[in-house]
Every structure is written in structure tokens, then in C-alpha cells.
Amino acid sequence: MSSDTLAETPTVPDTPEPADAPRIVPRRRYGQWAAALVVLALLGLAVDSVLRNEAFQWDVVGDYFTSDSVLRGLWLTLWLTAVVMVLGFALGTLLAAFRLSANPVLRAVSWGYVWLFRSIPILVQLLLWFNIGALYPRAFGVRTVDLLTPVAVAIIGLTLHEAAYAAEVVRGGILSVDRGQIEAAQALGLSRWRRWRRIVLPQAMRAIVPPAGNMLIGTLKGTSIVSVIAVNDLLFSAQLIYHRTYQVIPLLMVATLWYALVTTLLGIAQTFVEKHYARGTEMAR
């Protein structure tokens with residue numbers, strides 16, 4: 001290109017912005033900042049009062065936090081939670097299959113079970129099972145009071161209670177799977193077992209895992225109720241100590257801190273499991 005051509009190229013002058021052009025100013029949220037400061041101040045006062053209140057006796061909490069009796073109670077709580085969740089979901093899955101069955105008798109039995117055990121408070125159920133010997137003094141040729149120990153009563157009562165809720169969780173997860181995918185798998189000639197294992201179950205788990213995780217945490221905390229029938233769980237272990245030492249608040253704080261720690265770990269594990277089953281969906285982001 002010649003210098004003459006360059007000279008003939010018109011230049012576009014910079015267009016100055018009009019003097020009265022509006023400026024975009026971010027919205028000032030004074031109310032939100034003020035509310036946040038108030039909440040932080042109140043939270044700081046609450047934490048300070050807890051840490052500085054000598055009635056909590058944090059030195060006593062530290063002494064008993066890892067004591068043998070407390071750790072044995074914690075182990076029984078974790079073991080009881082695991083057993084109840086496994087048995088509860090096994091029975092709940094069976095009840096969910098009954099509820100989805102074409103057999104009206106099975107559907108009615110499943111519905112009646114869920115209705116009954118969701119209607120009776122868990123404390124009432126435990127007390128009924130604990131005193132079942134008044135109704136049936138002997139079972140299988142053995143005295144009922146010898147057959148049903150407090151731990152056995154706790155397992156039976158909690159399992160039957162959790163199974164009613166697990167049945168609805170599993171049923172809801174199965175119903176969340178698109179019916180068209182099941183029909184497509186049938187058209188491809190997949191067996192019933194392969195349809196459940198490869199199509200239904202992986203998708204149903206996306207809906208089952210979150211409420212199941214909440215049930216697990218709820219069961220862990222709910223096991224504390226078995227202390228009323230003298231099962232030596234975490235809470236009952238703390239109670240045995242403060243009945244002897246009269247240090248009620250610090251021993252309750254020991255139990256509280258252990259429950260908070262375990263539920264936090266379970267919540268973290270639940271997050272990873274949810275992400276695993278949500279792979280390939282927007283939920284996994």
C-alpha cells in the first residue's frame with residue numbers, strides 16, 4: 001500500500017462521551033451489612049459466654065472426653081447405628097417392593113406397616129418391646145425377659161421404626177426413575193435383574209442417598225433414647241459418670257461434642273456419596 005493511499009484514509013475522531021451520561025453505581029446494601037454485623041456480634045458474645053463460663057468446666061470435659069467408659073459408650077452407639085441402618089433399609093426395601101407390587105394384599109400389608117410404625121412414637125415402641133414379657137412371658141421355650149436383653153430390644157425397636165421411613169425413601173427413589181427408560185430396557189431384552197442393577201438402581205440412588213444420609217444422622221442421634229432402657233450407649237455412659245460425680249453439665253457437653261463430631265464426619269461422607277451418584281448431572285457441579 002502506497003503512502004498516498006495511507007494519506008487518503010480518513011481518520012475517525014474519538015467520540016467523546018456526553019457529559020450527562022449516567023454512571024452505573026452498585027447498589028449499596030446497608031441493611032444487609034448492618035444485619036451481618038449484628039449477627040456476628042451476637043455470635044461472638046454467645047461463644048465468649050460459653051468459653052468463659054466456669055460452670056461448663058472445660059477441664060473436666062477434657063478429662064472425660066476420651067475416658068474408657070465414654071469411648072465404650074461411643075462404640076456401642078456407632079455399632080447400634082450401623083446395625084439398625086442395615087436391617088432397617090433391608091426391611092424397608094422389602095416393604096417398598098411390596099408397596100410397588102401388583103398384589104393388593106402385599107400393598108395393603110406394606111401400607112399398614114408404614115402407617116402403624118410411623119404413628120407410634122419411638123419411645124413408646126421401645127417401652128412396649130421392653131415390657132413385652134408382660135404379654136408373652138415365654139417365647140421359643142425361653143423366658144422372654146431372658147431372651148430380649150436391653151440391646152436386643154433397642155435393635156428391634158429402632159429397626160422396625162426406621163424400616164417404615166426407609167420404605168418410603170426407597171419407594172420414592174424408585175418412582176423418580178423415568179418409566180420410559182425401564183420400557184426401553186425391556187425392549188432391548190434386558191433381564192429384570194439387569195434392568196434393576198444397570199438402569200433403575202443407579203438413577204434411584206440419586207433420590208435415595210440424601211434422605212438416607214439424613215436418616216443415618218437422625219438414627220445416630222436417635223440412639224440416645226435407648227438410655228431409658230439402660231442400654232450403655234454414649235449418653236447413658238455420660239449419665240453413669242455424672243450420677244457419681246454430680247458434674248452434670250460437663251458430662252453432657254462430652255456427649256454433645258462427640259455427637260457433633262460424628263455427625264459432621266457423616267455429613268462430609270454423605271456429600272461425597274451424593275456427588276458420586278450425581279455424576280453426569282447438574283447436581284454434580
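Just so we're clear, the structure is a prediction, and the values are computed from it rather than from any experiment. Just so you know, residue 1 is the first one in the sequence shown, and it goes up from there. Note: hydrogens, waters and symmetry copies are ignored here, and every other heavy atom, side chains too, is used.
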Kindly indicate whether the side chain of [X], heavy atoms from C-beta on, has any atom under 4.5 Å from the side chain of [Y].
{"X": "T223", "Y": "L78", "result": "no"}
{"X": "S237", "Y": "N232", "result": "yes"}
{"X": "R171", "Y": "L100", "result": "yes"}
{"X": "V70", "Y": "I241", "result": "yes"}
{"X": "E274", "Y": "P210", "result": "yes"}
{"X": "H161", "Y": "V84", "result": "no"}

Between [X] and [Y] (side chain of the first, backbone of the second, donor and acceptor by atom type, cut-off under 3.5 Å), is there such a pair?
{"X": "W58", "Y": "V50", "answer": "yes"}
{"X": "T77", "Y": "G73", "answer": "yes"}
{"X": "N131", "Y": "L127", "answer": "yes"}
{"X": "T144", "Y": "Y136", "answer": "yes"}
{"X": "S67", "Y": "D63", "answer": "no"}

Nearest 0.5 Å, please: how far is [atom2] in [Y] from [atom1] in [X]?
{"X": "Q125", "Y": "I120", "atom1": "CD", "atom2": "CD1", "result": "5.5 Å"}
{"X": "T66", "Y": "L74", "atom1": "OG1", "atom2": "CG", "result": "11.5 Å"}
{"X": "T219", "Y": "Y165", "atom1": "OG1", "atom2": "OH", "result": "11.0 Å"}
{"X": "T256", "Y": "L235", "atom1": "OG1", "atom2": "CG", "result": "8.5 Å"}
{"X": "L123", "Y": "L128", "atom1": "CG", "atom2": "CG", "result": "9.5 Å"}
{"X": "F89", "Y": "M85", "atom1": "CZ", "atom2": "CE", "result": "4.5 Å"}

Exercise for the section: Indicate whether any N or O donor in one side chain lies under 3.5 Å from an N or O acceptor in the other, for S176 and Q203. Expected result: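 No, because no side-chain N or O of S176 sits under 3.5 Å from a partner of the opposite role on Q203.
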Exercise for the section: Answer yes if the side chains of D233 and S224 hold a donor-acceptor pair under 3.5 Å, and no otherwise. Expected result: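 There is no such pair (donor and acceptor under 3.5 Å, judged by atom type) between the side chains of D233 and S224.
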Exercise for the section: Evaluate whether atom CH2 of W129 has more than 12 neighbouring non-hydrogen atoms of other residues, nucleotides or ligands under 6.0 angstrom away. Expected result: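 Check fails, neighbour count at 12 or below.
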Handout entry: Verdict with reasoning, L91 to L160, per side chain to side chain contact (heavy atoms under 4.5 Å, CB included)
Key = CA-CA 8 Å; L91 180 57; L160 296 178; 4.1 Å; yes
Cluster overlap [X] with [Y], hydrophobic side-chain contacts below 4.5 Å:
{"X": "M215", "Y": "L266", "value": "yes"}
{"X": "L135", "Y": "F130", "value": "yes"}
{"X": "V262", "Y": "L252", "value": "yes"}
{"X": "L220", "Y": "V86", "value": "no"}
{"X": "L76", "Y": "L87", "value": "yes"}

Please name the pair of heavy atoms, one in [X] and one in [Y], separated by the smallest distance, quoted to 0.1 Å.
{"X": "V226", "Y": "A154", "result": "CG1-CB, 3.7 Å"}
{"X": "R107", "Y": "A102", "result": "NH1-O, 3.1 Å"}
{"X": "V231", "Y": "V151", "result": "CG2-N, 4.1 Å"}
{"X": "V169", "Y": "P211", "result": "CG1-CG, 3.7 Å"}
{"X": "L148", "Y": "I132", "result": "CD1-CG2, 3.3 Å"}
{"X": "F56", "Y": "P250", "result": "O-CB, 3.5 Å"}

Handout entry: Intermediate values then yes/no, side chain to side chain contact (heavy atoms under 4.5 Å, CB included), Y64 and T245
Key = CA-CA 12 Å; Y64 284 105; T245 64; 3.8 Å; yes
Practice task
Please confirm whether W111 and F98 have ring centers closer than 6.0 angstrom.
Solution key: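 No - the distance between ring centres of W111 and F98 does not fall below the 6.0 Å cut-off.
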Practice task
Decide, yes or no, whether a salt bridge links E168 with R99 under the criterion of side-chain N to carboxylate O below 4.0 Å.
Solution key: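 A salt bridge links E168 with R99.
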Practice task
Report the C-alpha distance between L216 and Q270 in whole Å, list the side-chain angles of each, state the deciding distance to 0.1 Å, and finish with yes or no for side chain to side chain contact (heavy atoms under 4.5 Å, CB included).
Solution key: CA-CA 10 Å; L216 174 61; Q270 177 185 347; over 6 Å; no
Problem - Partners meeting ring-ring contact (aromatic ring centres under 6.0 Å, His included) with F117 (sequence neighbours left out) - result: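 By the ring-ring contact (aromatic ring centres under 6.0 Å, His included) rule, F117 matches Y113.
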Handout entry: Y242: which of V248, V254, V60 passes side-chain contact (heavy atoms from CB on, under 4.5 Å)
Key =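 Per the side-chain contact (heavy atoms from CB on, under 4.5 Å) rule, the option paired with Y242 is V248, out of V248, V254, V60.
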Practice task
Going by the side-chain contact (heavy atoms from CB on, under 4.5 Å) test, name the single residue among V61, D59, N53 that passes it with Q57.
Solution key: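 Answer after filtering V61, D59, N53: D59.
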Handout entry: Working for side chain to side chain contact (heavy atoms under 4.5 Å, CB included), residues T263 and K221
Key = CA-CA 8 Å; T263 52; K221 296 184 296 182; 4.2 Å; yes
Exercise for the section: Mind checking salt bridge (charged side-chain N to carboxylate O under 4.0 Å, His left out) for D68 and listing every partner two or more places apart, or none if nothing turns up? Expected result: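 Residues passing salt bridge (charged side-chain N to carboxylate O under 4.0 Å, His left out) with D68: none at all.
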